[in-house]
Protein chains: 2
Amino acid sequence: MVRTGRGSGRDGRPTLEQVAARAGVGRGTVSRVINGSPRVSDRTRATVEQAIADLGYVPHRAARALAANRADAIALVIPEAEARLFAEPYFSGIIRGVTAELADTDIQLLLTLIRTPKERQRFGQYASSRRVDGVLLVSVHGDDPLPDLLTEIGMPAVMNGRRSGQESFPHVDCDNLGGAQLAVEHLLGRGRGTVATITGPLDMYAAQCRLAGYREALRAAGREADDDLVAHGDFTEESGHAAMRALLRRRPGLDAVFCASDLMAIGARRALREVGRTVPGDVALVGFDDSSMARHMDPPLTSVRQPMEGMGRAMTRALLAEIADGGPERPHLVLPTELVRRSSS
Amino acid sequence: MVRTGRGSGRDGRPTLEQVAARAGVGRGTVSRVINGSPRVSDRTRATVEQAIADLGYVPHRAARALAANRADAIALVIPEAEARLFAEPYFSGIIRGVTAELADTDIQLLLTLIRTPKERQRFGQYASSRRVDGVLLVSVHGDDPLPDLLTEIGMPAVMNGRRSGQESFPHVDCDNLGGAQLAVEHLLGRGRGTVATITGPLDMYAAQCRLAGYREALRAAGREADDDLVAHGDFTEESGHAAMRALLRRRPGLDAVFCASDLMAIGARRALREVGRTVPGDVALVGFDDSSMARHMDPPLTSVRQPMEGMGRAMTRALLAEIADGGPERPHLVLPTELVRRSSS
DNA sequence: CTGGTCTGTGGGAGCGCTCCCAGTTGTGAT
DNA sequence: ATCACAACTGGGAGCGCTCCCACAGACCAG
């Protein structure tokens, strides 16, 4: 049977064909108008746009995707291990940034949590079957096979953060080193003489950077490096508590601590309270992340804020550009961090 | 030109047709196998499944959606005003529940933030153009037109929470009343004689329920209602602080407070500290939500926990059922809450 | 006036799948 | 052996769109 040319879709919604009929033009022309092709005269364009408005026409996503071989969707992939981070301004900010940037693009955001190897594999299939046009990766670990997989199948992707100093995968990160520097300079500027630090897990690049920033700030101020002032944690509250106790044992005279995460600052605060030290009287405290907890600590915690929403936006912009241009250039962005001063320092 | 019958798709991925050829059957049969139709002999099914495995065939989502007139996707709609809630276990839990339930269904999750009336309208179009099969609504306000719109266009949907006691829209809620009761009974059980409460904004049904639970628990214990023990807040920290001060003014002798949100408990805690009352020594404190802050307060806050993940799962299950059956029954689920005891009480 | 651009435009073909209608075969009753 | 009926199966038609080829006119140089 030959194309019937009937005027509207299965659910009663108007189709391209119907718009074309109403405007008195061909399907191709309507398609061109919708896709913003320049090869349409202004007169025709106006007519078609009127018809679209009259009919309340909305393009059918699946039909479009099938014909054009694109999905008009991108995926935000989150390893479940980090889903706890949801309870942080982190994801909130990223997601807001991403959705804001997507708001007038007609591109859908797919949320994908990966919690098992099986799901990871499933996502690989997804990606290979082109059900998305691009992928946003969040909190990627050093041994995650996903980036390589995506590169291999030529799927546009951008990750948040870096796995190392010479990350070749397209990424958007924040200036961890600069933020740590800011924090320590601030402490020094408040007249603190002995500034210690509690680091994150040093197999993570972000933690390395924060430590490097601490060292750099001290060096710039002409202080000597003192390894006794460096205690190691793993970003958890408990590790912050333990590290603080170790620090107090080694250097009872310290009067300031820069913690590489707010959670560790909470642990450190508890350790200080246990030995009767006041904050900021005896010891000034600065955290990192500016999480919701920071604002509600007693006293409220000075902390280094990452531009979450900005990162979300930047990642999305970079990804869309890569999708559009086939992007030969792999974006490497590092956004500035900012010190939020509260009364703990 | 007649169908070419060529064996693989544009990006080199195998198509249904290719699977059919390899299995030596027709397209229809492969389709039936994929969609789990019973009208296929076991022998044929096995052959086809082998071919699918051999070829690594993955159905093309858009083609399927176009042909079958469904989207294989549901939307999770979040009013931007509540995006701050992202920074709470709330969304984290809901999303985890939803994705967990979706994990082996091949249905995609679309995240939709609505921040402006324009975006709301845009989402209306989305919904009407059947680009999703169903909608999950989160934190719906009494005056939100979305539920009615969805009902009108016959789009399956489930909301989280209720707008009133006789909510007719399909919903999954948690037992706010029961949770409040639990909290107050717990306080009474610890020998507290004068239990006050700080309510949420009473135009919200959840806040009404929590107040009703407070009253019910007191009544059940044979206590007289005393309106001086009820102070009103709006779920924010500042309002909790103000309410606590008012309470102390009116009933200096109170020895316990049930706060309808953790944030208000934080404010209340601050007010207590300011007048030198200890927690839980002088005044026992219980919050609601079991947010991340609760655990990190000093002392850690006893709080009523909502089954976030459970609600996410329940909503999803209900929605999928509605999509599948055309669901004449509109689910009305209320999940139990739970008291998490910490040292503030 | 002719031949060559250069815009604009129409519409055939086809994307990969599902739906459904005809077969085709196998089975049991007559 | 014959017929009715069920259980399976093949493949045409079509979902609504984009791509692209062909072609109509407008315009200009020679």
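Keep in mind the model is a prediction, meaning the values are calculated, not measured. Each chain gets a letter, A, B and so on, in the order its sequence line appears, and its residues count up from 1.
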Salt-bridge contact Arg120(B)-Asp144(B) (side-chain N to carboxylate O under 4.0 Å)
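Looking at Asp144(B) together with Arg120(B), the answer is yes, because their closest N to O distance falls below 4.0 Å.
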
Separation of [X] atom [atom1] from [N] atom [atom2], in whole Å?
X	N	atom1	atom2	answer
Arg61(B)	dC15(D)	CZ	C1'	17 Å
His60(A)	dG16(C)	NE2	P	17 Å
Asp106(B)	dC17(C)	CG	P	13 Å
Ile34(B)	dC19(C)	CD1	C1'	15 Å
Asn69(B)	dC20(C)	CG	C1'	16 Å
Glu17(B)	dG10(D)	CD	P	13 Å
Gln18(A)	dC15(D)	CD	P	13 Å
Leu16(B)	dC15(C)	CG	C1'	13 Å

State whether a side-chain donor-acceptor pair under 3.5 Å links Thr99(B) with Arg115(A).
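A donor-acceptor contact under 3.5 Å links the two side chains.
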
Kindly compute the distance separating CD (Glu17(B)) from CZ (Arg27(B)), expressed to the nearest 0.5 Å.
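Reported to 0.5 Å precision, the distance equals 5.5 Å.
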
Extract from the structure each pairing of a protein N or O with an N or O of nucleotides 8-11 of chain C at less than 3.5 Å, listing the distance.
| residue | atom | partner | partner atom | Å |
| --- | --- | --- | --- | --- |
| dT9(C) | OP1 | Ser41(A) | OG | 3.0 |
| dT9(C) | OP1 | Thr44(A) | OG1 | 2.2 |
| dT9(C) | OP2 | Ser41(A) | N | 3.0 |
| dG10(C) | OP2 | Gly26(A) | N | 2.8 |
| dG10(C) | OP2 | Thr29(A) | OG1 | 2.7 |
| dG10(C) | N7 | Arg32(A) | NH2 | 3.3 |
| dG10(C) | O6 | Arg32(A) | NH2 | 3.2 |
| dG11(C) | O6 | Arg32(A) | NH2 | 3.4 |

Below 4.5 Å, heavy atoms only, C-beta onward: do Leu333(A) and Leu335(A) meet side chain to side chain?
yes

Arg64(A) side chain: which of dC15(D), dT18(D), dC15(C) is closest?
dT18(D)

Ala68(B) has a side chain; which of dC19(C), dG16(D), dC17(D) sits nearest to it?
dC19(C)

Please classify the nucleic acid contact of Asn35(A) as base, sugar-phosphate, or nothing, using heavy-atom distances under 4.0 Å.
sugar-phosphate

Given 3.5 Å as the limit, does a donor-acceptor pair link the side chain of Asp133(A) with the main chain of Ala71(A), or not?
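Yes.
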
Checking Arg13(B) against Tyr57(B): charged group under 6.0 Å from the ring centre and within 45 degrees of the axis?
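Output no; distance or angle outside limits.
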
Using a cut-off of strictly less than 4.0 Å, decide whether Ser31(A) has a side-chain nitrogen or oxygen near OP1 or OP2 of dC17(D).
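For Ser31(A), the contact criterion (side-chain N or O under 4.0 Å from OP1 or OP2 of dC17(D)) is not met.
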
Minimum heavy-atom separation for Arg64(A) to Asp72(A), with atom names?
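That would be CD-OD2, 4.2 Å.
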
